Amino acid sequence: MPNIQVFGQVASSIATQTGKGLVKIWERSDFKGKEKYVLWTCWFDLPQLHLGEHDEVLISGSLSTKIGSYEKNGETKTVVEHHLNYAIS
C-alpha cells in the first residue's frame, strides 16, 4: 500500500476498546472550482487523545480504500471509504 499524507480538520477522536486510536478528519480540496470534502478514517497503534475536534492536523499513513454504504432518508448510498492505517501525526 502507498504511504500518503493528509491535511485536514479533526471531526472526532476516540480510543477503541483494543487500545488503538481512531481519528476522523475532513480534508478540503478544490475540484473544478468547487469546494469538496473527503472524510478520512485514521488508525493509530495508540490512542490519540491529544487531538481535539476542529484541530488541524497532518497525518501520514498507509492508504487503503473500500466500498461502503450508509442510509440517508430511507435510501442506501454507496461511497468509497478512505483509510490511513499505521497512522502517524
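The shown structure was predicted, so the numbers you read here are calculated from the model rather than taken from an experiment.
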Closer than 4.0 angstrom, basic N to acidic O: yes or no for K20 and D45? yes
Approximate separation, where rounding is to 0.5 Å, of K36 NZ and W26 CH2: 12.0 Å
Got a second to check how far L84's CG is from Q5's CD, nearest 0.5 Å? 10.0 Å
Verify same cluster id: L63, I25 (apolar side-chain graph, 4.5 Å): yes
Shortest non-hydrogen pair, A11 vs E53, comes out as O-CG, 3.5 Å
Interatomic distance, CD1@I88 vs OG@S62, rounded to 0.5 Å, equals 10.5 Å
Point-to-point distance, once rounded to the nearest 0.5 Å, from NE2 of H54 to OG of S12: 11.0 Å
Identify the heavy atoms of D30 and E35 that sit nearest to each other, and give their distance. OD1-N, 4.5 Å
Linking I/L/V/M/F/W/Y whenever any side-chain heavy atoms sit under 4.5 Å apart, do V38 and I4 land together? yes
To the nearest 0.5 angstrom, please state how far the CG atom of L39 sits from the NE2 atom of H83. 9.0 Å
Could you check if a side-chain atom of I59 sits within less than 4.5 angstrom of a side-chain atom of F44, using non-hydrogen atoms only? yes
Would you compute the distance between atom OH of Y86 and atom CG of N3 and round it to the nearest 0.5 angstrom? 11.0 Å
Step by step, work out the side chain to side chain contact (heavy atoms under 4.5 Å, CB included) result for W43 and L22. CA-CA 5 Å; W43 299 91; L22 169 76; 3.6 Å; yes
Has F7 got more than 12 heavy atoms of other residues, nucleotides or ligands less than 6.0 Å from its CZ? yes
Between V10 and G52, which heavy-atom pair has the shortest distance, and what is it? CB-O, 3.3 Å
Option from E27, H82, E81 for which side-chain hydrogen bond (donor to acceptor under 3.5 Å, both in side chains) with W40 holds: E27
